[in-house]
Asks: 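My structure is below; once you've seen it, I'll send some questions.
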Amino acid sequence: MQLAAVLDAGTISGGAQALGQTQPAVSRSLAMLEARVGQPLFVKGKRPLQPTPLAAQLAAHGRAILTASRRATDTVKGFLSGTKGLVRVGGVPFFMDAMISRMIAEFQNVEPDVTVQQSYGNLPDLTAALEDDLIDLAIVPMGALEAPAGFEFTEILPGRNVVSCRTGHPLLRKLRLQISDLGDYPWVAPLPGSPLMSDLHSILLANGMSEISIRYSGGSLMSVINYMSETNALAVLPFSVVFAQRREQRITVLPLDIPQPNRSLGILRRVTPNRPQAADRLASFVCSAFEDLKHLIKRHENAVVWG
């Protein structure tokens, strides 16, 4: 590295200055290198300094080492500032597909040197993954007082569920829509382990409905939307997920006021002094994005005439 710097500068003093070292120290190092290889490094009597063939090859290696060293320094600085590194994000499937994956893309447009690994899961699985240091952030719906000891939960969106259907569904044309009308149509079951399953049961119990016909289950968000858009099936979905699909105009809100869970969507993290800065930067970006989105979602919600 010193040899490369000296040859690039043309003088020993210039090379030493480029490396932040003293001229005597660099001179001693080059003298030791000459002694080790048993060959001269510079052509005698030439100014600026000119390398021998061996020195030219050694300098090429030195430049590669110097470049790698500087990249390593940049990596450390980027890791400590959160502009470089790996962020492991886990989340509930429908929210991740409908909203979070798009926000991750927007974040990486700003921070292109941050790599994101995304995974799916429900609250118990994601909490365990955080405890085992398998993920850095979990985006989950939960109650404000449910965060386990050693964790912090940051709310990003108040919870609200809706009954969703395809645009053009027969129930949208009913003048007096009743909860009991929901039993006349097939349903899409929430994903196994999803809190939406208990929400669906709460709707049934609150309105004296003993059972419903579930015709489809286990699909991803896209497959559920594809299925619903081709059938008269109904589904309980978070309002924000339906809102995120508004431009597609394939599914919509059935304007029924249903029992609401005491949950919010938020970011669950471990309380630890060594959290990756890139993960905190992504969490802040998601919080900011939802802060802007809350107003649009609320405006859309207020436009619905709830029955």
Side-chain angles (χ1 to χ4, degrees), residues 91-100 120-123 140-143 157-265 293 296-307:
V92 288
F94 283 2
F95 279 118
M96 296 301 288
D97 291 348
M99 311 185 82
I100 304 301
Y120 296 107
N122 290 314
L123 180 58
V140 292
M142 66 183 301
L157 191 67
R160 180 171 179 81
N161 289 339
V162 294
V163 177
S164 180
C165 62
R166 69 175 177 89
T167 55
H169 195 283
L171 287 179
L172 294 171
R173 298 193 293 270
K174 285 187 71 77
L175 296 180
R176 294 183 179 276
L177 186 60
Q178 304 289 333
I179 289 286
S180 58
D181 295 327
L182 302 181
D184 297 334
Y185 294 90
W187 283 74
V188 175
L191 294 175
S194 168
L196 291 174
M197 181 64 79
S198 62
D199 296 340
L200 177 57
H201 289 307
S202 296
I203 295 172
L204 299 179
L205 292 174
N207 294 279
M209 299 170 62
S210 59
E211 60 181 19
I212 54 176
S213 173
I214 293 180
R215 299 277 184 84
Y216 185 74
S217 62
S220 65
L221 177 61
M222 185 56 65
S223 63
V224 167
I225 292 173
N226 288 338
Y227 181 83
M228 291 178 63
S229 64
E230 298 296 329
T231 68
N232 285 331
L234 307 174
V236 174
L237 294 175
F239 185 86
S240 55
V241 170
V242 180
F243 169 82
Q245 305 299 318
R246 67 196 184 283
R247 293 175 183 170
E248 302 294 328
Q249 296 185 347
R250 302 177 70 193
I251 62 172
T252 188
V253 175
L254 197 62
L256 275 174
D257 202 4
I258 60 175
Q260 295 299 321
N262 186 22
R263 290 194 306 268
S264 298
L265 181 68
L293 203 55
L296 293 176
I297 294 175
K298 191 64 179 176
R299 188 187 309 168
H300 191 267
E301 181 182 329
N302 290 339
V304 177
V305 180
W306 300 98

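Only a predicted model underlies this, so the values are computations on that prediction, with no experimental measurement involved.
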Asks: Does I251 offer a backbone N or O that forms a donor-acceptor pair with the side chain of T167 under 3.5 Å?
Replies: no

Asks: List the atom of A189, the atom of I214, and the distance in Å for their closest heavy-atom pair.
Replies: CB-CG2, 3.6 Å

Asks: Is there a side-chain contact (heavy atoms from CB on, under 4.5 Å) between T252 and Q245? Walk through the geometry before answering.
Replies: CA-CA 8 Å; T252 188; Q245 305 299 318; over 6 Å; no

Asks: Given 3.5 Å as the limit, does a donor-acceptor pair link the side chain of S229 with the main chain of R166, or not?
Replies: no

Asks: Quick check: do V236 and V162 have side-chain heavy atoms less than 4.5 Å from each other?
Replies: no

Asks: Counting only N and O atoms by type, is there a donor-acceptor contact under 3.5 Å from the side chain of D97 to the main-chain atoms of F94?
Replies: no

Asks: Could you give me the CA-CA distance, side-chain angles and deciding distance for F239 and N161, then say whether side-chain contact (heavy atoms from CB on, under 4.5 Å) is met?
Replies: CA-CA 5 Å; F239 185 86; N161 289 339; over 6 Å; no

Asks: In the structure I gave you, are the side-chain heavy atoms of Y120 and V92 within less than 4.5 Å of one another anywhere?
Replies: no

Asks: Would you mind reporting whether L293 and L157 have side-chain heavy atoms less than 4.5 Å apart?
Replies: no

Asks: What's the shortest heavy-atom distance between G168 and R173, and which atoms?
Replies: O-NH1, 3.4 Å

Asks: Please say whether more than 12 non-hydrogen atoms of neighbouring residues, nucleotides or ligands are located less than 6.0 Å from CZ in R215.
Replies: no

Asks: N226: which residues meet the side-chain hydrogen bond (donor to acceptor under 3.5 Å, both in side chains) condition with it, sequence neighbours left out?
Replies: R250

Asks: Under the ring pair (Phe, Tyr, Trp, His ring centres under 6.0 Å) rule, what pairs show up with a residue in residues 163-188, not counting sequence neighbours?
Replies: H169-Y185

Asks: Who are the ring pair (Phe, Tyr, Trp, His ring centres under 6.0 Å) partners of Y227, not counting sequence neighbours?
Replies: Y216

Asks: Is the closest side-chain heavy-atom distance between L234 and L182 below 4.5 Å?
Replies: yes

Asks: Could you tell me whether a side-chain N or O of N122 sits under 3.5 Å from a main-chain N or O of G91, the two making a donor and an acceptor?
Replies: no

Asks: Please determine whether a side-chain nitrogen of the Lys or Arg among R160 and D257 lies less than 4.0 Å from a carboxylate oxygen of the Asp or Glu.
Replies: yes

Asks: Any side-chain heavy atom of P93 within less than 4.5 Å of one from S220?
Replies: no

Asks: Determine whether P238 and L196 make a side-chain contact, defined as any pair of heavy atoms from C-beta on separated by less than 4.5 Å.
Replies: yes

Asks: Give the intermediate values and the outcome of side-chain contact (heavy atoms from CB on, under 4.5 Å) for residues L265 and M142.
Replies: CA-CA 7 Å; L265 181 68; M142 66 183 301; over 6 Å; no

Asks: Is the closest side-chain heavy-atom distance between N232 and P170 below 4.5 Å?
Replies: yes

Asks: Would you compute the distance between atom CD of Q260 and atom CD1 of I258 and round it to the nearest 0.5 angstrom?
Replies: 5.5 Å

Asks: When rounded to the nearest 0.5 angstrom, what is the spacing between OG in S164 and CG in L237?
Replies: 5.0 Å

